[in-house]
Asks: 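Structure in structure tokens, see below.
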Amino acid sequence: MKITRILATVAALALCSPLAAAAPLAWQNKALNADARANLLVGAMTTDEKLLLVTSYYGTQVAWNEYRDPGARRQSAGFVPGVPRLNFTPQWQTDAGSGVATQGVAVPDLQRTALPAGILTASTWNPDLAVRGGAMIGAEARASGFNTMLAGGVDLLREPGNGRNFEYGGEDPLLAGTMVGAIVRGIQSNQIITTIKHFAFNDQERRRTTVNILIDEPSARMSDLLAFQIAIEQSSPGSIMCSYNLVNGEWACQNDWLLNKVLKHDWGYKGFVMSDWGAMHDTVKNALNGLDQEAGVQKPADYVYRDKLKAAIADGRVPMAVLDDKVRRIARVLIESGAADNPPTPDNRIPYAAHEAVSQADAEEGIVLLKNDGHILPLAGTARRIAIIGGHADVGVLTGGGSAQVYPRGGSAVHGEGPKSWPGPIVYAPSSPLKALKAERPGARISWADGSDPAAAATVASKADVAIVFVTQWTAESLDFPLTLPDNQDALVDAVARANPNTVVVLQTGGPVLMPWIDRVRGAVEAWYPGSKGGEAIARILTGKVNPSGHLPATFGRAASDWPRAEIDGLNRGEKEIFDVRFSEGAAVGYKWFDKNGTRPLFPFGHGLSYTSFQQSGLSAGVKRGTIVASFTVRNTGSVAGKHVAQIYVSPAAGGWEAPKRLGAFTKLTLAPGRASSATVTIDPRLLGMWDSARPGWKVAAGKYRVTLASSAADRGTSVIVTMPERHLPAGAGVAK
Ligand code: GLC
């Protein structure tokens with residue numbers, strides 16, 4: 001009997017059961033807290049009902065998915081049947097970081113607003129803006145009938161070519177954890193839950209299901225795990241998604257150290273762990289080592305719970321208490337978030353204009369002005385002849401591929417590019433920088449060349465006052481990419497720059513790329529994947545309607561060999577071959593690695609120019625409440641309003657860390673011309689310490705610490721010295737509230 005019919009029968013029987021509750025059940029008593037209600041619910045469930053909650057089925061109706069539950073949302077990532085007899089809600093699960101994604105293919109009536117890529121939101125260094133972006137995509141998830149998002153990727157940018165860097169928050173634990181935590185807070189403000197992922201060290205895509213990451217515990221705790229810890233404590237996500245890869249020899253989704261010791265014990269995490277789609281391996285190990293819900297089940301051969309877990313409980317290999325804990329975790333967060341009491345009904349009423357305004361505001365604050373020689377930008381009002389070249393800038397802006405793919409209102413502006421099947425095809429949001437520029441500059445004569453022929457592009461450029469070349473690097477889940485721009489785009493930029501010295505390059509990339517032409521152009525702007533209104537955002541930055549205030553969340557190097565691994569391993573590995581990748585750099589990720597090796601980056605972490613100028617002054621710092629508190633003043637010394645990201649870096653005068661310095665705090669200030677503002681920031685004490693496995697916990701050594709106020713990781717800035725007493729912090733310091 002096809003599983004489909006079994007599922008439908010179970011659901012139907014439960015519905016028509018005389019026990020099907022009409023009146024509210026004890027667990028539905030809203031006067032009780034979520035813990036008490038979850039306990040009552042678990043106590044009322046049969047074993048079969050408990051087993052319904054620990055398996056999530058792929059929700060998209062495709063040939064290779066044997067589970068066709070009518071309750072799943074169309075083209076969705078996941079579905080968990082509820083327990084109708086007990087009035088308990090199903091889980092409708094959707095991807096992901098840029099909004100409500102549609103699995104597989106575009107569906108005309110499932111178009112949603114695309115928030116810019118996570119790496120752009122991180123580039124805003126503005127948590128409040130990130131909350132608004134998260135709130136918007138969470139609202140679209142609820143309006144689409146989902147109560148569980150799978151958004152909140154925070155894996156560190158260790159590999160510049162990782163195909164999913166666009167989904168994450170960059171290379172630094174404090175920035176990534178803070179920005180992704182803010183997005184998650186926003187999403188969960190819609191009485192739904194979301195999922196911080198991919199836990200952990202899923203820092204490459206090549207052979208992601210068989211790569212075994214080797215990293216020592218102190219380095220693990222002070223890098224990727226710290227990013228997760230900060231994001232979790234700042235957002236209390238309903239779920240954590242364990243990753244496909246192995247960590248120190250054990251699959252992440254059955255890794256007792258990662259899930260039970262670090263996440264649930266040390267950090268006191270009370271939500272539930274779901275697997276990545278199909279990332280489960282062994283019924284008993286998954287059950288005992290911390291996996292609460294298997295996800296992405298499509299056929300009988302690929303699940304580990306359901307009847308297999310029932311059998312393991314029956315024969316004593318898994319205690320019933322372990323299943324109860326899983327169900328309790330799932331139930332508790334769905335109750336606590338409000339999702340259980342307020343099931344989402346898909347009305348698909350999307351206030352597109354309002355939501356696209358949120359997306360555009362995010363893009364405008366996350367676009368980074370990298371280079372601006374001779375103030376080529378903003379485009380002078382006298383620039384009458386403007387050449388726009390390449391990057392499909394005549395029709396749209398690039399988005400990233402894979403499970404995070406959102407199909408924006410209006411559908412893709414470009415067809416037939418990239419892989420024919422998942423994670424392709426390449427989708428461009430229908431927001432044209434060229435059209436937007438024409439709207440901003442009606443008096444200018446704007447010419448166009450598609451960039452396919454560098455010579456033709458050069459001819460168009462030669463007849464303009466300024467030439468703007470759009471270059472693109474599509475990246476996507478399941479793939480990693482070289483740092484060189486594809487499709488001969490470097491030659492295109494060179495040809496245009498030779499034809500017109502007033503050349504500006506607008507990049508749309510998923511992470512750091514090489515720019516061999518950078519000395520031959522006068523301006524460069526990193527627009528990442530700028531979302532549903534990215535074209536308008538780019539045009540408003542180029543014309544000065546918006547003063548750029550984005551700052552890099554990742555270092556841009558000069559060569560692939562600047563990073564610990566010039567090439568991501570995996571291309572020549574067998575499909576089932578488990579192979580090691582040792583993170584020998586430890587916690588020295590990104591700028592820390594560049595500092596440690598004295599490598600000069602092309603553009604440093606934290607870098608971002610403005611159309612105005614800022615002066616930082618008056619730095620003072622002292623020890624308060626057991627950590628360092630720093631104060632300073634920032635003045636807008638230029639002629640236009642702008643936003644400035646003040647960065648505080650900390651270093652032990654005696655050395656001994658993984659690298660010379662760490663980002664200790666940051667704040668973004670909005671200043672009118674001539675105005676000044678003071679700020680005070682507190683250094684998270686974990687960022688002053690080293691992980692000590694013996695305790696376990698963080699040990700802050702007594703001694704002198706240099707506190708530097710800077711505008712990027714390469715800025716010497718101004719410093720003061722502070723003396724700290726020795727301090728010890730428990731492993732869960734700062735743990736979820
Ligand atoms: C994918 C991704 C994960 C996504 C899930 C559901 O394999 O790794 O990020 O949320 O499956 O689509």
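In each ligand, atom 1 is the first atom listed, and ligand 1 is the first ligand listed. What's counted below: heavy atoms across the whole structure, side chains too, no hydrogens, waters or symmetry copies.
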Asks: Counting heavy atoms only, which of L150, D95, T209 comes nearest to atom 4 (C) of ligand 1?
Replies: D95
Asks: Between R208 and ligand 1, find which residue part has any heavy-atom pair under 4.0 Å and reply side chain, backbone, both or neither.
Replies: side chain
Asks: In terms of residue, atom name and distance, what is the protein heavy atom nearest to atom 7 (O) of ligand 1?
Replies: Y244 OH, 2.7 Å
Asks: Just to be sure I read this right, does ligand 1 sit under 4.0 Å from the backbone of R164, its side chain, both, or neither, counting only heavy atoms?
Replies: side chain
Asks: Can E66 and K299 be counted as an ion pair, charged N to O under 4.0 angstrom?
Replies: no
Asks: Less than 4.0 Å between a side-chain N and a carboxylate O, is that true for E217 and K261?
Replies: no
Asks: Using 4.0 Å as the upper bound for N to carboxylate O, is an ion pair formed by R221 and D266?
Replies: yes
Asks: Test your reading of the model: is there a side-chain donor-acceptor pair from Y269 to the backbone of P237, 3.5 Å cut-off?
Replies: yes
Asks: Do W92 and Y57 have ring centres separated by under 6.0 Å?
Replies: no
Asks: Tell me yes or no: between the side chains of Q293 and S56, is some donor less than 3.5 Å from an acceptor?
Replies: no
Asks: Below 4.0 angstrom from a heavy atom of K197, which ligand 1 atoms are there? Numbered from 1 as shown, please.
Replies: 3 (C), 4 (C), 9 (O), 10 (O)
Asks: Main chain of G99, side chain of E140: is a donor-acceptor contact present, judged purely on distance under 3.5 Å?
Replies: no
Asks: Just going by heavy-atom distances, which of D276, T94, N202 is nearest to atom 5 (C) of ligand 1?
Replies: D276
Asks: Do me a favour and list the nearest non-hydrogen protein atom to atom 9 (O) of ligand 1 with residue, atom name and distance?
Replies: H198 NE2, 2.7 Å
Asks: Below the 3.5 angstrom mark, is there an N/O of E477, backbone or side chain, next to an N/O of ligand 1?
Replies: yes
Asks: Q103 heavy atoms, cut-off 4.0 Å: which ligand 1 atoms fall inside?
Replies: 12 (O)
